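For reference, the structure discussed in these notes is given below.
Only this structure's heavy atoms are used, side chains among them; waters, hydrogens and symmetry mates stay out. All values reported here derive from a predicted model rather than from experimental measurement. Within every chain, numbering begins at 1; the chains are lettered A, B, ... in the order of the sequence lines, protein sequences first and strands thereafter.
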There are 2 protein chains.
Amino acid sequence: MPDDIDRIIQKSYEACASAGVKLTDKRKNVLMVLLGSSTPLSAYEIVERYKTQFSETLPVMSIYRMLDFLIQEKLVHKLETASQYMSCAHIACEHQHETPQFLICDRCGSVKEIAIKKHIMTELERSIQSTGFTLAHQQLELHGVCKHCQDDSVSAN
Amino acid sequence: MPDDIDRIIQKSYEACASAGVKLTDKRKNVLMVLLGSSTPLSAYEIVERYKTQFSETLPVMSIYRMLDFLIQEKLVHKLETASQYMSCAHIACEHQHETPQFLICDRCGSVKEIAIKKHIMTELERSIQSTGFTLAHQQLELHGVCKHCQDDSVSAN
DNA sequence: TATTATTGCGTTATGTTATATCATATCTTA
DNA sequence: TAAGATATGATATAACATAACGCAATAATA
C-alpha cells in the first residue's frame, strides 16, 4: 500500500508540473491524509488527521484552500451530498478521467468510485439537453448500502 | 396559480390522511411557502418567508422538523448538493413517482425536476448492482446552466 | 369525563460546514 | 536583493443542522 501511495504522489507531482502549478508539501500532505483514509473525510477531520500524522495544526481555512487546489487539479473529489472529500481513485491510471460516479454507503460511509458507462452518460446527457439545460461538472452521487454492510446485516440475523 | 396551489394542498391532505399522519396548519404553511417559491429555499430562508407570509416567526428547529415530515411524506425534496428544499413537482399528479432528477442552475438557482427515462435508470442500476451495491433513495442532482440563463448571457454579449 | 399516552412544537444550546478578510511568509525572477 | 506573485496563517463570522428537554394540544381509552 505505501508503494501505491508513493506512486500516486509521484504521478500527482507530474500532473501538477505539467499543469504549471505547484504541489507544495502541505498540499501533498493533505492528499496523503486522504489517500490514507478508507472513507472520505470532512475538512475538519482532515485537520485532525493532519495533526496526528504530521504533528502540525493547520487552520481549517488553509485546508479548504488546499482542497480547492487539489480539486482543481482533479486529484481530489468533493462529495457534495456528504460534504466530504476523497482522493481520486484514478490518479495513477493512464486513461483519461471519465464521469465520476460515487456509490456512497450510508451505513459505513465507505465510497466506491466507479466509472459510468459512456453510452449511459450519453443518453442521460441527451435527455437533459432536450430541456435546454447545459451540464456543468458531471458527477453522480448515489446513496445506498455496500456489499460488505449487506453481508454484515445478514449474518447479524 | 393559486388554484393550482389549492389543488396541491388538497391532494397533500389526502395523501397524509391515507398515510395516517396529519398535515397540521404549520406544516401546510411551510409547504405553501415552498409552493410559492420559484427556486428551492434553505431552512433559514423558509423562516424568513414564513414570517412575511404568515406573520409568525417559527424557530429553525421547527422548520427542520416540518421539513422532515414533508420529506417523509414525499411532498418535499431535499437537494443535498445545495442544502435546499423544494416542493415535489408531482404532488397533484396521478401517476406514481419516478426517480427524481434535478437540474440545478448554478447561475440563477432555479431547479427543474424531470423524470429520468426508465430504461436509463434501469441500466444505471444494473451497472451499480454488478458491484454488489444496493441503491437506497435514488435521486440525481445535476448542476449546470438553464436555458434562460444561457440566453441571457448570449444577449449580454 | 378524567387519565394517560402520543404527537407537535418551542426553547436553548451547541455542533458542523464554509467563506470573507486581512496579515504574513515564501518563492520567482528580473 | 527588490518587486511582485503565490501560498499560508489568523480571526471572525456566516450558513446549515441537530441534540436535549419540556410544555401544550390532541387522541385513545378506561
| said: Can you tell me how far apart CD1 (B:Ile114) and CD1 (A:Ile128) are? Round to the nearest 0.5 Å. | reply: 6.0 Å
| Between the base of D:dA19 and the side chain of B:Tyr64, is there a donor-acceptor distance below 3.5 Å? | no
| message | Classify A:Arg65 by what it touches in the nucleic acid, base, sugar-phosphate, or nothing, heavy-atom distance under 4.0 Å. | response | base
| query | How close or far is atom P of C:dG10 from atom NZ of B:Lys51, stated in whole angstroms? | reply | 14 Å
| query | What is the distance from CG of B:Asp68 to P of D:dT18, rounded to the nearest Å? | reply | 7 Å
| query | A:Ile46 has an atom CD1; how far is it from atom C1' of C:dT16, in whole Å? | reply | 14 Å
| task | Could you tell me the separation between the NZ atom of B:Lys26 and the P atom of C:dT7, rounded to a whole number of Å? | result | 19 Å
| query | For A:Lys28, does the NZ atom have more than 12 heavy-atom neighbours from other residues, nucleotides or ligands under 6.0 Å away? | reply | yes
| Quick one: on DNA chain C, does A:Ser42 or A:Met61 contact a more 5' nucleotide (nearest heavy atom)? | A:Ser42
| query | Can you tell me how far P of D:dA7 sits from CG of A:Leu67, to the nearest Å? | reply | 15 Å
| task | Check every atom of C:dG10, D:dA17, C:dA18 against the side chain of B:Met66 and return the nucleotide holding the closest atom. | result | C:dG10
| remark: Given the options B:Val76, B:Val30, B:Ile46, B:Met66 meets side chain to side chain contact (heavy atoms under 4.5 Å, CB included) only with B:Val30
| message | How about CD on B:Gln72, more than 12 heavy atoms from neighbouring residues, nucleotides or ligands closer than 6.0 Å, or not? | response | no
| Atom pair distance, as rounded to whole Å: CG in B:Leu70 and P in C:dG8 | 12 Å
| For the pair made of CG in A:Leu58 and C1' in D:dA7, what is the distance, rounded to whole Å? | 12 Å
| message | Counting only side-chain nitrogens and oxygens, does A:Thr24 get under 4.0 Å of the OP1 or OP2 atom of D:dA7? | response | no
| request: Would you kindly give the CD1-to-C1' distance between A:Ile63 and C:dA18, to the nearest whole Å? | output: 14 Å
| request: Return the stacking result for C:dT16 and A:Tyr44: yes when the ring centres lie under 5.5 Å apart and the planes under 30°, no otherwise. | output: no
| task | Could you tell me the separation between the OG atom of A:Ser127 and the CZ atom of A:Phe133, rounded to the nearest 0.5 Å? | result | 12.0 Å
| said: At less than 4.0 Å, is any side-chain N or O atom of A:Tyr85 found next to OP1 or OP2 of C:dA18? Yes or no. | reply: yes
| field | Closest-nucleotide 5' rank along DNA chain D - winner of A:Lys22 and B:Ala43 | value | A:Lys22
